[in-house]
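Below, chain A is the first sequence line, B the second, and so on; all start at residue 1.
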Number of protein chains: 2
Amino acid sequence: MSDDLDAIDLRILEHLQQDASLSTAELADKIGLSQSPCWRRIQRLRDEGYIKRQVAILDRTKLGLDMQIFAQIKVGRLDDTERAAFERSINNVPEIVECYSVFGELDLMIKVVAPDVRWYQEFVFDTLMKLPGVQDVRSVMTLSEMKYTTAMPLPRKGGARTAAASKKR
Amino acid sequence: MSDDLDAIDLRILEHLQQDASLSTAELADKIGLSQSPCWRRIQRLRDEGYIKRQVAILDRTKLGLDMQIFAQIKVGRLDDTERAAFERSINNVPEIVECYSVFGELDLMIKVVAPDVRWYQEFVFDTLMKLPGVQDVRSVMTLSEMKYTTAMPLPRKGGARTAAASKKR
DNA sequence: TATGAAAAGATAATCCC
DNA sequence: GGGATTATCTTTTCATA
């Protein structure tokens, strides 16, 4: 449970969260290390949970999913059982790609991918409104995606003040 | 540019977007195919752009990034040059992980990851408010992440009415 | 404790059917 | 699409510092 990352670990993570198809040798080369230590570090980063998983990112629009909508939802008080059921429902709807409980007037912020407006309209009435306790749904349709990344900010070499660098662990 | 996916392609995509660390042989086995055709299909799905890339998903909280915030931003009219500069700025800030232009009262919806409230406060004043044309920032802090996935909904075997299935291509 | 070189094993990529 | 071959990469072992 040694819990600190050195500069080399961070460079490995930075590369892998941009492109996990790199071979160990290529990656080792990029960071000026030989294969074995590079491989062991990757293994350790996996074992310690810094790397959660490795996934393929698909082209949303090529799959006909041209729309993305943020839906803000007002939910009434739920007991623990209802809450668990709610969360299970959310996870069973593949078109809901993100869901957060949030501070403020509305209780949930969810991100939905959809093929078109008609589909989404049905989705709101047939799926969202039927989730337990849902009282109100306010939808914000996106016009364009200016940025979408799965990459987390990591402390950078220059010691620049980034999010990841400012937190004492 | 043959543009249709059969049931096997979809099963391959489904597996890979959940776990891209599967070997071709393992994947082939899961879908009842032998290695060569499975490999060729994966290659084709890559070439045709259905698979955009392969990334490592890191553990946000292990990196000290415990907060996620949706910031809705009002931006004044921008000409093309300013717009391009804006988009470049967004892409240069690693803590901004998603950014969409949206319909409605406010113009942009961005998702930010941050270590703590203090960091985020500084970020709003030192970074967000200094982006060209920004007039107003409204922040919604998330309390908990109920779902986050990079996986897109794909048409399913049963012919269930999913988002991906309803769009004619 | 970490590295590098090299062997052993597994996988990816190509061939032919 | 399948089977077999080759090339490449991953993983282990071992020697070194």
Side-chain angles (χ1 to χ4, degrees), chain A residues 1-59 62-63 150-151 154-157 159 164-165 169, chain B residues 1-59 62-63 150-151 154-157 159 169:
Chain A
M1 234 204 201
S2 88
D3 221 48
D4 251 5
L5 302 174
D6 65 19
I8 298 177
D9 290 329
L10 291 171
R11 296 187 60 197
I12 291 175
L13 291 177
E14 188 57 54
H15 275 105
L16 289 182
Q17 70 174 344
Q18 303 292 346
D19 181 6
S21 70
L22 286 166
S23 73
T24 315
E26 286 172 312
L27 181 52
D29 192 47
K30 279 177 191 286
I31 63 178
L33 210 65
S34 65
Q35 298 171 8
S36 321
C38 182
W39 181 84
R40 278 189 295 258
R41 277 171 186 266
I42 296 171
Q43 209 60 20
R44 179 171 51 75
L45 291 168
R46 242 184 258 290
D47 291 346
E48 292 180 353
Y50 289 99
I51 297 171
K52 282 203 293 193
R53 52 219 212 92
Q54 198 169 318
V55 300
I57 304 294
L58 307 188
D59 189 313
K62 280 192 80 83
L63 298 168
T150 55
L154 300 176
R156 288 196 288 275
K157 27 237 157 188
R169 311 215 71 249
Chain B
M1 232 200 205
S2 91
D3 221 46
D4 250 3
L5 302 173
D6 65 18
I8 298 176
D9 290 329
L10 291 170
R11 294 186 62 198
I12 291 175
L13 290 177
E14 189 58 53
H15 275 106
L16 289 182
Q17 70 175 344
Q18 304 291 346
D19 181 5
S21 71
L22 286 166
S23 73
T24 314
E26 286 172 313
L27 181 52
D29 192 49
K30 279 178 191 285
I31 62 178
L33 209 64
S34 64
Q35 299 170 8
S36 324
C38 183
W39 182 84
R40 279 190 296 255
R41 277 171 184 266
I42 295 170
Q43 209 60 18
R44 179 171 52 75
L45 291 167
R46 242 183 258 290
D47 291 345
E48 291 180 353
Y50 288 99
I51 298 170
K52 283 204 292 192
R53 52 218 212 93
Q54 198 169 318
V55 300
I57 304 293
L58 307 189
D59 189 313
K62 279 193 81 83
L63 298 168
T150 55
L154 299 176
R156 288 196 288 275
K157 29 237 160 190
R169 313 213 72 250

Report summary line: Among the nucleotides D/dG3, D/dG1, D/dT10, whichever has the atom closest to the side chain of A/Trp39 is D/dT10
Requested in this report: Identify whether any heavy atom of B/Ser23 sits under 4.0 Å from a base atom; if not, whether one sits that close to sugar-phosphate; answer base, sugar-phosphate or nothing.
Outcome: sugar-phosphate
Query raised in the report: B/Gln35 has an atom CD; how far is it from atom P of C/dC15, in whole Å?
Result: 17 Å
**Report entry** B/Arg41 side chain near D/dG1 phosphate (N/O to OP1/OP2, under 4.0 Å)
**Finding:** yes
Query raised in the report: Can you tell which of C/dG4, D/dA4, D/dT10 lies closest to the side chain of B/Ser36?
Result: D/dA4
Report summary line: Atom CG of A/Asp4 and atom C1' of C/dT1 are separated, to the nearest Å, by 17 Å
Report summary line: B/Ile42 CD1 to C/dT14 P, in whole Å, measures 14 Å
**Report entry** Gap between atoms CG and C1', on B/Leu27 and D/dG1 respectively (whole Å)
**Finding:** 15 Å
Report summary line: Smallest heavy-atom separation, A/Ala151 atom then A/Gln17 atom, equals CA-OE1, 3.1 Å
Query - Spacing between A/Leu22 atom CG and D/dT8 atom C1', to the nearest angstrom - result: 15 Å
Query raised in the report: Between A/Tyr50 and A/Asp4, what is the shortest heavy-atom contact and its length?
Result: OH-N, 4.3 Å
Report task. Please evaluate the base of D/dG2 for a donor-acceptor partner in the side chain of B/Arg40 within a cut-off of under 3.5 Å? Result -> yes
Report task. Rounded to the nearest angstrom, tell me the gap between atom CD in A/Gln54 and atom C1' in C/dT11. Result -> 14 Å
Query raised in the report: Taking CZ from B/Arg46 and P from C/dA12, how many angstroms apart are they, rounded to a whole number?
Result: 10 Å
Query raised in the report: Once you round it to whole Å, what is the distance between P of C/dT3 and CD of A/Gln43?
Result: 15 Å
Requested in this report: Using salt bridge (Lys or Arg N to Asp or Glu O under 4.0 Å) as the criterion, point out the one residue from B/Arg44, B/Arg40, B/Arg46 that pairs with B/Asp9.
Outcome: B/Arg44
Report summary line: B/Thr24 has its side chain closest, among D/dG2, D/dT13, C/dA12, to C/dA12
Report summary line: Smallest heavy-atom separation, A/Asp59 atom then B/Gly49 atom, equals CB-O, 3.2 Å
Query raised in the report: How long is the span from the CG atom in A/Leu63 to the CG atom in B/Leu5, to the nearest 0.5 Å?
Result: 7.0 Å
